[in-house]
Structure formats: C-alpha cells, structure tokens
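Chain identifiers are assigned alphabetically (A, B, ...) following the order of the sequence lines, protein sequences preceding nucleic acid strands; residue numbering begins at 1 within each chain.
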Amino acid sequence: MIKKGIIFDNFITQIIDEHNASGRFGGRVHTRFPPEPNGYLHIGHAKALVADFAIAEQYGGLTNLRYDDTNPVKEDVEFVDAIKEDIHWLGFDWGDREYYASDYFEQLYEMALQMIRQGQAYVDELSGDELREHRGTLTEPGRNSPWRDRPMEENLDLFERMRAGEFPDGSKTLRAKIDMSSPNINMRDPVMYRILHATHHRTGDQWCIYPMYDWAHGQSDSIEGITHSMCSLEYENHRPLYDWFIEQLGIFHPQQIEFARLNITHTVMSKRKLRLIVEQGFVDGWADPRMPTLAGMRRRGYPPEAILEFIATVGIAKNESFVDIELLEHIVRDELNLSSKRRMAVLQPLKLIIDNYPEGKTEMFDVKDFPQDPESMSTRPVSFSRELWIERDDFMEEPVPKYHRLSPGKEVRLMNAYFVRAVGLEKGPDGELLAVHCTYDPETRGGNAADGRKVKGTIHWVDSKTALDAEVHLYEQLFPDAYPEDLPEGEVFTQHINRDSKLVIGNAKLEASLADQKPGEVYQFVRNGYFTPDSAIDQDGKPTWLRTIGLVDTWAKMQK
RNA sequence: UGGGGCAUGGUGCAAUGGCAGCACACCGGACUUUGAAUCCGUGGAUCUAGGUUCGAAUCCUGGUGCCCCAGCCA
C-alpha cells in the first residue's frame with residue numbers, strides 16, 4: 001500500500017533501537033495515529049501521520065488508527081470519514097485496527113474507580129473559577145481543595161452518581177490527588193472527568209461524564225499495547241502525568257516521545273483557524289483548493305508521494321522550525337515533472353494567422369507526451385491549421401531587450417510545428433491588438449530548419465479549429481501576506497485572508513486531446529505550470545481546470 | 001521571575017570526541033523544441049564566554065536567545 005519506502009534515521013529511531021537492544025518491548029514496535037475528529041487533516045498532521053505509520057513499518061510493526069474522541073461538543077462523524085480517506089490517500093493503512101477512545105469509556109471508568117479506592121482520586125466541587133484560583137500560578141504553588149480529603153466511600157458514591165447524571169454540568173469533577181505544589185502545573189491535581197450532558201457522535205447519550213485527554217490517552221495507549229506513543233512537543237510537560245497514571249494503575253507502560261510539529265511559511269496550521277475560515281465562508285469547505293488540508297491538496301492534484309517526500313526531507317526532530325513553502329512546491333514540481341503529460345494550452349489567447357498557410361487545410365502532428373523521457377513512445381495527435389491561438393504575452397509589439405519570443409519581423413518556432421515570422425498586426429478601433437499575422441516556412445516542419453538555422457524562442461499554440469474552451473482557476477493558498485501564527489484569532493485574523501486567491505480565467509484555449517482528460521490526473525501545460533481537471537462543470541458546460549502549481553518563472557525574475 | 005524543552009549557512013536536516021556534510025533558496029556558467037527541467041560550479045554556518053582534551057558542533061560550567069505550561073480543550 002505504501003508507495004515509497006521512507007527510511008528514517010533520527011532521534012526516534014535511536015530510542016527505538018535502544019529499546020530493541022534492551023528488550024524493553026520484546027522487539028515490538030506498535031504506534032498509533034490519534035487524531036481528534038474535529039476537522040480535516042492538514043499538511044501539519046502529515047508529519048505525525050508519517051512518523052507513526054512509516055516508522056512502525058520500518059520496524060515491521062503496526063499502527064493503530066485511534067480517534068481521540070473524548071470531547072463530544074467538538075467532534076463529528078464527517079471528520080471521522082474524511083480522516084480515513086486522507087490516510088489512505090497517503091498510502092497508509094491501519095488494517096482492522098480502527099479504535100476510538102470512546103470504546104474505552106467503560107474501562108476508563110473502572111480505572112477511575114480503582115484510583116479512588118487507592119486514595120488517588122477525589123470528587124471535587126470547586127467551580128471553574130475556584131479551581132483556577134486554587135491551582136496557583138507558574139511561580140506560586142497551588143492550594144488543596146477543601147474536598148480533597150473526602151472519605152473514599154463518599155468519593156465512590158459521588159462519582160457513581162456523577163455518571164448516573166444526578167449533577168449538572170460543571171458542578172463536580174473527578175481529580176487526581178497528586179501534589180498541589182508541584183512545579184509542573186499538570187501535576188497539581190489534574191481533572192480526570194468533567195460532567196458534560198452532551199450527545200457523543202458514537203456513544204450518544206450513554207455518558208454524561210467524559211474523560212480528559214490526560215486521563216484517556218495514556219490508558220488508551222496501554223490498552224492497545226502501544227509501545228511508542230509519538231506526540232508534539234507541547235506534551236512534554238504532560239509526560240510525567242502520563243507516566244504517573246500508568247504507574248499507579250500498574251498497567252502496561254508505553255513510551256511517550258515528543259517531536260516538533262511542522263510549521264510552513266505562509267501556511268495556517270491551526271485547526272481552529274482553518275475551521276474559522278470554513279465556517280465564515282471564506283472558502284468552499286475543507287477541501288477547497290486554497291486550503292492547506294490534505295483534501296485540498298489532493299483536489300489540486302498534489303501527488304501523495306510528494307507529501308511523503310516532503311516530510312522525509314524536512315525530517316523529524318525536536319527543533320521548532322519554519323519550513324519554507326518553496327521546498328514543498330519544489331518537491332511537488334519535481335514529482336509532477338516526471339509523471340505528468342505535457343499539453344499545449346493557452347491561458348490568455350491571442351489570434352495568430354499564418355498568411356501563407358492554405359485556408360481550409362489541417363495537418364496533424366504526433367506530439368510526445370513525455371518529451372524529456374527518450375524511452376517514452378507515448379504521443380497524441382495535435383491538429384494544426386491557418387489560424388492558431390498563442391499566449392498574449394508571447395508577442396510583444398515593441399520587444400524589450402532579451403525578449404526571445406514573437407515580435408514584428410522576428411522568427412520563432414511554434415512548438416512541434418513550424419518556424420513563423422511575424423509580418424503584420426490587426427488592430428481594433430481603439431488600437432487594441434486583435435490578431436498577429438505571420439508567414440511560415442514549410443521547410444521547418446516538425447520544428448527544425450533544413451538549412452540548420454536556429455531560432456531563440458519557442459512558443460506554444462493551440463489550433464483554433466479544434467481548441468477547447470475552458471475555465472481555468474489559478475488558486476493561491478490563503479494568507480500569503482502574513483504568518484498566521486502571528487495573527488490573533490477572530491476579526492483580526494480574518495482581515496488578513498487573501499481574498500484575491502481565486503483568480504479565474506474564463507476563455508482559455510486547450511488542445512483538443514484534453515477533452516478526454518482523466519479526473520485526478522495532472523498535466524503540465526507548457527510554460528504555464530501544472531493543471532488538473534476539476535470535477536465541477538461551470539454554467540456554460542465548459543470544463544474547469546485547477547492549477548496544481550505554477551512553474552518557476554525565470555523570465556519574471558529577469559524583469560525585476 | 002517556577003518547571004519543561006530547543007539553539008549548526010538565508011531555510012530545514014545530518015555529523016553522537018577525529019577533515020562540519022546534504023537538500024531547498026541565492027548567485028554564475030553550459031545545454032535546451034517549455035526563459036521550465038537537466039548538468040556543472042561559487043559563496044556562505046556550529047548562540048556566547050570559559051574549561052577538559054593531542055583534538056570539541058559533540059563532554060563540563062556560566063551566560064544569552066527562542067518555544068511550551070496557570071482549559072472542566074486535545
């Protein structure tokens with residue numbers, strides 16, 4: 001299933017190697033990928049996903065899919081399904097090991113009972129504000145709750161009645177009895193259960209108490225026999241608690257390992273913010289091509305191999321870093337450059353009329369699909385006649401220095417066809433350019449001159465007789481103007497959304513062979529970048545295309 | 001200012017006491033039926049101050065900078 005074997009050699013594999021050497025887990029490697037089903041997976045999740053699946057695979061181990069669904073008010077089945085699709089798209093599979101933290105609610109409840117019996121958990125009646133106030137600050141220790149030393153029997157009774165639904169939301173919590181003066185705030189009697197009369201997407205109304213992350217995660221790992229539980233750096237402070245619960249319970253003890261999450265320039269990695277964008281209608285859902293979600297990238301035609309390669313290139317370490325999005329785009333282009341078929345497509349059409357080419361004549365050229373690959377024999381027929389479309393910026397009436405394309409009196413090659421020389425212009429009443437007239441040299445058929453003369457420029461074209469009209473969407477990823485991490489949430493954040501990110505080109509001309517494009521396939525439009533057909537059809541019945549990614553434009557750079 | 005982490009070219013990642021290397025970006029050149037790609041090449045880094053050592057990015061000590069933690073979120 002996995003398309004590319006990535007071999008990791010990093011601090012995580014070193015830890016695993018040490019475990020294997022010491023025999024701590026009997027040579028077993030079993031990881032889990034634990035998303036919360038409260039949104040779509042984005043490129044940032046791909047790092048954790050690859051770390052969990054690829055590293056386990058590297059050791060011949062297994063990876064479970066486990067939904068961390070302990071907060072019913074934020075979660076939904078829509079996301080459960082979308083997450084599965086994205087994992088499969090990247091080429092990973094969890095077999096029959098699809099689990100949910102909610103599967104363990106009963107076991108976790110029993111474990112909580114055990115903690116109470118061991119005198120290590122108590123029912124607290126402090127309000128939210130009081131609890132915060134008792135917790136202390138970063139520099140001052142907390143104070144014990146007045147309910148902390150309740151008798152064990154009373155705790156048992158109260159906790160059972162919490163489950164039975166006798167108390168309103170927020171009125172009571174179950175807390176671990178650890179140390180209110182710990183320098184690690186997570187150890188200051190953390191909440192294990194809160195009362196929440198909410199309908200859960202899987203357990204319905206069966207429960208009205210829900211476990212907190214810290215109480216659920218480690219035990220879920222333990223129940224599943226997870227050996228290496230990878231998570232992001234912010235959980236380092238939680239590891240002592242993760243270990244403490246498991247030690248007190250006396251159950252199988254997995255190893256939590258933390259690494260830095262992925263940051264990419266010009267890319268929002270906050271699920272909260274992405275949700276805001278979706279909910280406020282700035283985009284067309286989570287799979288909108290402007291979104292940094294895996295679904296959005298898939299729709300744009302990013303190959304999954306490129307994402308895997310990107311994660312492997314970026315590496316997994318504890319350094320917090322900002323990766324330049326140029327690297328991702330480079331890898332996408334690199335992958336697509338080999339796999340995508342070349343096509344000629346004109347985005348901004350300008351009529352080119354060949355004065356000395358017979359009216360009514362059409363000839364066919366067999367054009368290579370992979371001109372870079374000498375082995376490939378794959379071709380498609382392309383028609384050529386007297387009137388063609390060329391790119392508007394492939395002609396300049398008054399050329400600037402070093403302009404190699406068409407200009408009055410100058411000869412260029414029509415790609416795969418003939419040399420032509422511009423001989424005249426057709427202009428409208430306001431002086432706007434309507435068409436360019438040229439003459440062709442019949443001795444240059446196929447694009448090479450019999451006399452060996454060379455031309456500096458080669459331009460692409462589309463036969464006007466057979467051209468397809470298409471609508472082309474040049475989506476840009478959102479927020480190119482700011483690092484979203486710097487922007488606070490809400491109003492200020494949404495003001496920075498790039499509203500021009502959905503440029504539509506309505507009258508593009510495509511070569512006829514693109515009529516039978518395959519959905520999901522990416523084509524390289526000569527000099528315009530990579531494009532993929534979108535499933536949407538516009539009102540005129542014209543096919544629509546999305547730009548996957550642009551080409552590096554050295555000409556634009558020269559102009560600067 | 002309590003606790004936990006992290007510091008290597010512009011960016012990201014290696015080097016685990018022995019010549020600081022790779023990729024992207026940048027710059028220069030060659031080639032080209034995509035001004036793309038490809039190929040060749042240049043420049044540029046160990047946060048800081050001491051110490052140990054024949055030898056330190058690596059070990060020790062002090063300092064500095066950045067990130068995380070005070071949800072009944074995960």
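Protein atom NZ of K47(A) is 11 Å distant from nucleotide atom P of rG12(B), rounded to whole Å. Note: CG (L233(A)) to C1' (rA7(B)) measures 13 Å, nearest angstrom. Here rC31(B) presents its C1' atom at 12 Å from CD of Q372(A), a figure rounded to the nearest Å. Going from atom CD of E234(A) over to atom C1' of rG71(B) covers 14 Å, rounded to whole Å. The CD-P distance, from E140(A) to rG2(B), rounds to 13 Å in whole Å. Computed from coordinates, the R188(A) CZ to rA70(B) C1' distance equals 7 Å when rounded to whole Å. A straight line from CG of N263(A) to C1' of rC66(B) spans 13 Å, rounded to a whole angstrom. In this structure, R333(A) atom CZ and rG35(B) atom P are separated by 16 Å, rounded to whole Å.
Salt-bridge annotation for R261(A) and E234(A): present, with a side-chain N of the basic residue lying under 4.0 Å from a carboxylate O of the acidic one. A salt bridge links D441(A) to R453(A): one of the charged nitrogens lies within less than 4.0 Å of a carboxylate oxygen. Looking at R445(A) and E363(A), a side-chain N of the basic residue comes within less than 4.0 Å of a carboxylate O on the acidic one, giving a salt bridge. We find that E36(A) and K271(A) are not joined by a salt bridge, their nearest charged nitrogen and carboxylate oxygen being 4.0 Å or further apart. Using a 4.0 Å cut-off between charged side-chain N and carboxylate O, R202(A) and D69(A) make no salt bridge.
A close approach under 4.0 Å does occur between a side-chain nitrogen or oxygen of R132(A) and OP1 or OP2 of rG71(B). Regarding contacts with the backbone of rG35(B), every side-chain N or O of R405(A) stays at 4.0 angstrom or more from both OP1 and OP2. A close approach under 4.0 Å does not occur between any side-chain nitrogen or oxygen of R261(A) and OP1 or OP2 of rC6(B). Note on S321(A): a side-chain N or O is less than 4.0 Å away from OP1 or OP2 of rC13(B). Between S127(A) and rC72(B) there is no side-chain N or O to OP1 or OP2 distance below 4.0 Å. At rC69(B), none of the side-chain N or O atoms of R135(A) fall inside 4.0 Å of OP1 or OP2 (strictly under the cut-off). Phosphate contact (OP1/OP2 of rA23(B), side-chain N/O of T313(A), threshold under 4.0 Å): absent. Phosphate contact (OP1/OP2 of rU8(B), side-chain N/O of N319(A), threshold under 4.0 Å): present. Phosphate proximity of rC67(B) to K318(A): absent, as no side-chain N or O sits under 4.0 Å from OP1 or OP2.
Within 4.0 Å (heavy atoms only), H238(A) reaches at least one base atom of the nucleic acid. Note on K402(A): a base of the nucleic acid sits closer than 4.0 angstrom, heavy atoms only. Using a 4.0 Å heavy-atom criterion, one finds that L327(A) contacts the sugar-phosphate atoms exclusively. When heavy atoms are screened at a 4.0 angstrom cut-off, Y403(A) is found touching base atoms of the nucleic acid. Residue contacts shown for N237(A) include a base, since a base heavy atom lies under 4.0 Å away. As judged by a 4.0 angstrom heavy-atom cut-off over every strand, K74(A) is placed among the base-contacting residues. If you check every strand for non-hydrogen atoms under 4.0 Å, T173(A) touches a base. When heavy atoms are screened at a 4.0 angstrom cut-off, V191(A) is found touching the sugar-phosphate backbone but no base atom. Among the protein residues, D334(A) comes within range of the sugar-phosphate backbone only, with heavy atoms under 4.0 Å from sugar or phosphate atoms but none that close to a base. M558(A) comes within contact range of at least one nucleobase, with a heavy-atom separation under 4.0 Å. Y235(A) comes within contact range of at least one nucleobase, with a heavy-atom separation under 4.0 Å. Among the heavy atoms of the strands lying under 4.0 Å from L126(A) is at least one base atom, whether or not backbone atoms are also near.
Comparing rA36(B), rA70(B), rC24(B) by their nearest atom to the side chain of I185(A) picks out rA70(B). Taking only side-chain atoms of E320(A), from C-beta outward, the nucleotide of rC67(B), rC73(B), rC24(B) with the closest atom is rC67(B). Closest to the side chain of T70(A), out of rA74(B), rA70(B), rG12(B), is rA74(B). Nearest nucleotide to the side chain of E236(A), out of rC73(B), rC72(B), rG4(B): rG4(B).
To the nearest whole angstrom, the two C1' atoms, one in rG44(B) and one in rC26(B), are 10 Å apart. A gap of 8 Å separates the C1' atoms of rU42(B) and rC27(B), to the nearest Å. Using P as the reference atom, rA15(B) and rC6(B) are 15 Å apart when rounded to the nearest Å. Nucleotides rC24(B) and rU1(B) are separated by 42 Å at their P atoms, to the nearest Å. Distance noted for atom P between rG17(B) and rC59(B): 9 Å (whole Å). Comparing the C1' positions of rU58(B) and rG21(B) gives an interatomic distance of 15 Å, to the nearest angstrom. Using C1' as the reference atom, rC39(B) and rC66(B) are 41 Å apart when rounded to the nearest Å. When the C1' atom is compared between rA20(B) and rA14(B), the two are found 10 Å apart, to the nearest whole Å.
Every stem involving RNA chain B, taken as at least 3 paired positions in a row under the Watson-Crick or G-U wobble test at 3.5 Å, is listed here: B:2-7 with B:64-69, B:10-13 with B:21-24, B:27-30 with B:38-41, B:47-51 with B:59-63.
If you check the side chains of Y213(A) and N71(A), you find no donor sitting under 3.5 Å from an acceptor. Side-chain contact annotation: R343(A) with S513(A), donor-acceptor N/O pair under 3.5 Å present. Q477(A) and T267(A) share a side-chain donor-acceptor pair at under 3.5 Å. Remark: the D124(A) side chain and the T173(A) side chain contain no N/O donor-acceptor pair separated by less than 3.5 Å. Between the side chains of S127(A) and E130(A), at least one donor N or O sits under 3.5 Å from an acceptor N or O. Checking Y100(A) against D68(A) by side-chain atom types alone, no donor-acceptor pair falls below 3.5 Å. R32(A) and H217(A) form a side-chain donor-acceptor contact under 3.5 Å, judged by distance and modelled atom types alone.
Side-chain N/O atoms of N186(A) and base N/O atoms of rC69(B) include no donor-acceptor pair closer than 3.5 Å. No hydrogens or angles were tested; on distance alone, nothing pairs the side chain of H134(A) with the base of rA70(B) as donor and acceptor under 3.5 Å.
Here rG71(B) is in the syn range [glycosidic angle within 90° of 0].
Between the side-chain ring of H404(A) and the base of rG35(B), a stacking contact exists by the 5.5 Å and 30° definition.
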